[in-house]
Amino acid sequence: APAEAAAAASLEASAFALNTPVVGSDGKDVGTVSRISSSAEGAVTELQVTTASGAVVVPASAIAAAGEKVQLSVTADEAAKFPAAGGAAE
């Protein structure tokens, strides 16, 4: 059923906590959650993740799972290429 597919794809903002470790699909550390953005319905739209080289914005489409760690559907190297947060100079 389409409704079930939508439920699986949307992650509730309440499932995420600040300072949660974020790991890539390769199991490597990406950084920690520093901001959680959500829609009016309470679904996560993006996460700001503080990495060793600065903060990046991770879209909800790249988040595989939430829990003790946030698991991404991309590798740590790919996550590092997401746009910088806060409009930082490139």
Side-chain angles (χ1 to χ4, degrees):
E4 286 177 25
S10 73
L11 292 157
E12 292 298 312
S14 59
F16 296 86
L18 295 176
N19 302 316
T20 303
V22 179
V23 295
S25 57
D26 51 3
K28 292 183 181 169
D29 286 331
V30 175
T32 57
V33 176
S34 52
R35 196 177 77 221
I36 302 158
S37 300
S38 60
S39 66
E41 292 77 38
V44 164
T45 53
E46 63 185 32
L47 294 178
Q48 181 174 303
V49 177
T50 300
T51 69
S53 56
V56 295
V57 176
V58 176
S61 58
I63 303 167
E68 285 184 21
K69 290 186 174 182
V70 175
Q71 177 83 42
L72 301 183
S73 57
V74 297
T75 66
D77 284 347
E78 289 169 328
K81 297 185 176 101
F82 282 125
E90 290 298 310

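Residue pairs meeting the side chain to side chain donor-acceptor pair (under 3.5 Å) criterion with at least one partner in residues 34-44, sequence neighbours excluded, are Ser34-Gln48, Ser34-Thr50, Arg35-Gln48, Ser39-Glu41. Note on residues 21-32: no pairs pass side chain to side chain donor-acceptor pair (under 3.5 Å), not counting sequence neighbours.
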Could you pull out every donor-acceptor pair under 3.5 Å between side chains of residues 77-86 and any protein atom, sequence neighbours left out?
unit_1: Glu78; atom_1: OE1; unit_2: Thr75; atom_2: N; d: 2.9
unit_1: Glu78; atom_1: OE1; unit_2: Thr75; atom_2: OG1; d: 3.3

Show me, pair by pair, the donor-acceptor contacts under 3.5 angstrom made by side chains of residues 52-73, not counting sequence neighbours?
unit_1: Ser53; atom_1: OG; unit_2: Thr51; atom_2: OG1; d: 3.4
unit_1: Gln71; atom_1: NE2; unit_2: Gly24; atom_2: O; d: 2.9
unit_1: Ser73; atom_1: OG; unit_2: Ala62; atom_2: O; d: 3.2

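Between Leu47 atom CG and Leu11 atom CG the span is 8.5 Å, to the nearest 0.5 Å.
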